[in-house]
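Excluded from the calculations below are hydrogen atoms, water molecules and symmetry mates; all remaining heavy atoms, backbone and side chain alike, are included.
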Amino acid sequence: MNERARHWQYDELPGVDLLRARYVRKTFVRHTHENFVIAAIADGVEVFHHGGGDQYAGAGALALVNPDTPHTGRAGVPEGWRYGAVYPPVDVVAEIAAETTTLRGTPGFVSPVMDDPYAVGLVHQVLRAADEGNALAADTLLRVAVTRLLRLNGGPLPRREVRTAGARIAARARGVLEERMARPPTLDQLAADLGTSPFALLRAFRDTYGMPPHAWLTDARVRRARRLLDTGTTPSEAAVTVGFTDQPHLNRHFSRMVGVPPGAYQRERKNVQDLG
């Protein structure tokens, strides 16, 4: 069974990433998204590690992941899974929540899996409307889908308070890695600069961000590469700029986090701009 994926944007849904894919052998490594993930499973089963355990989403269910939440992804059955996904930005979801729900604070999803064939159908209708260039339908259906999911499975996102000494050290370490993304220090150097031990830093970082510093850095590099590709930077230039050794290195990590290679990702972005 062939794997295929299309990751694109539609100008009339600003900032919303769209994905339609069938995966069989694909494995997503632990990563995060800046936007919400609303993935509607059409066939098969997806398994994703989230919140300390494996979650299973089959046909008629949605996989729901809040921003900056580490998770993975893989097939749960031999035939893999087919799905469509929308990735609305935080401000879009907050605007919809304020208008259509009683949620206060920053809204998010409570459960990572929700069985709701009707909402699954809405997500696939959003993708179809975007394909057909039907802006009114795409925008309307997205808002209806997000409203439904928030009303059935919404709650305020917990605030990430940097209260403990460990969390403060982790936040400082993250700042250093963001500044020195292309030439990061070793764990030993980073810990010494922050006045702690390597294992204390590793433990604090994992507790705060859900992954060790090296995994977080790879995730952050892919995020930054996406932004560079969106502005027209070539994949080879983006790879070096964010600190990967070469384009194949970027290709490998990008595909395991975004679901498509950087070249295919950028071609879809360019098509949208050309049509504008």
Heavy-atom side-chain contact between [X] and [Y] under 4.5 Å:
X	Y	answer
Leu13	Gln9	no
Asp17	Arg226	yes
Met257	Val29	yes
Pro112	Phe48	yes
His71	His33	yes
Tyr209	Asp68	no
Arg6	Asp131	yes
Thr241	Arg224	no

Table please: side-chain donor-acceptor pairs of residues 50-64 below 3.5 Å, with sequence neighbours left out.
| from | atom 1 | to | atom 2 | distance (Å) |
| --- | --- | --- | --- | --- |
| Asp54 | OD1 | His49 | ND1 | 3.2 |
| Asp54 | OD2 | Arg74 | NH2 | 3.4 |

Can you tell me how far the [atom1] atom of [X] sits from the [atom2] atom of [Y], to the nearest 0.5 Å?
X	Y	atom1	atom2	answer
Leu152	Thr101	CG	OG1	11.5 Å
Leu157	Asn66	CG	CG	4.5 Å
Leu190	Thr196	CG	OG1	9.5 Å
Glu237	Leu228	CD	CG	9.0 Å
Arg203	Thr208	CZ	OG1	11.5 Å
Tyr83	His124	OH	NE2	11.0 Å

> Can you list every side-chain hydrogen bond (donor to acceptor under 3.5 Å, both in side chains) pair that touches residues 86-99, not counting sequence neighbours?
Replying inline: Glu95-Arg143

Does [X] reach the main-chain N or O of [Y] with its side chain, forming a donor-acceptor pair under 3.5 Å?
X	Y	value
Glu268	His7	no
Asn35	Gly15	yes
Glu46	Trp81	no
Ser255	His253	no

> Would Glu12 and Asp139 satisfy side-chain contact (heavy atoms from CB on, under 4.5 Å), going step by step from the backbone distance to the final call?
Replying inline: CA-CA 8 Å; Glu12 302 300 332; Asp139 189 24; over 6 Å; no

Answer with yes or no whether the hydrophobic clustering places [X] together with [Y]; edges join I, L, V, M, F, W, Y residues whose side-chain heavy atoms lie under 4.5 Å apart.
X	Y	answer
Val90	Val92	yes
Leu149	Tyr118	yes
Val45	Val123	no
Val86	Val144	yes
Leu142	Leu19	no

> Which residues satisfy the side chain to side chain donor-acceptor pair (under 3.5 Å) test with Arg148, sequence neighbours excluded?
Replying inline: Asp116

> Should the pair Arg221 and Phe244 be classed as cation-pi, given the thresholds of under 6.0 Å to the six-membered ring centre and 45° from the axis?
Replying inline: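 The answer is yes, since Arg221 meets both limits relative to Phe244.
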
>> Could you go through Leu201 and Ile169, starting from their C-alpha distance and side-chain angles, then the distance that decides it, and tell me whether this counts as side-chain contact (heavy atoms from CB on, under 4.5 Å)?
In response: CA-CA 7 Å; Leu201 173 57; Ile169 287 174; 3.7 Å; yes

Quick check: closest heavy atoms across [X] and [Y], and the distance to 0.1 Å?
X	Y	value
Ala238	Thr233	N-CG2, 3.6 Å
Leu177	Trp216	CB-CZ3, 3.8 Å
Tyr10	Ala138	CE2-CB, 4.0 Å
Gly155	Val110	N-CG2, 3.8 Å
Ala204	Ala170	O-CB, 3.8 Å
Val260	Ala5	CG1-CB, 3.6 Å

>> Under a 4.0 Å threshold between the charged nitrogen and the carboxylate oxygen, would Asp193 count as salt-bridged to Arg172?
In response: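 Asp193 and Arg172: not salt-bridged.
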
>> Taking the basic N atoms (NZ, or NE/NH1/NH2) and the acidic carboxylate oxygens, is any pair closer than 4.0 Å for Glu34 and Arg227?
In response: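 Yes.
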
>> side-chain contact (heavy atoms from CB on, under 4.5 Å), that's the test. Do Leu150 and Thr100 meet it? Break it down for me.
In response: CA-CA 9 Å; Leu150 287 174; Thr100 64; 5.6 Å; no

>> With no hydrogens and no angle check, just 3.5 Å: does a side-chain donor-acceptor pair link Arg223 and Thr32?
In response: yes

> Going through the distances and angles, do Leu187 and Phe199 end up as a side-chain contact (heavy atoms from CB on, under 4.5 Å)?
Replying inline: CA-CA 9 Å; Leu187 181 66; Phe199 280 105; over 6 Å; no

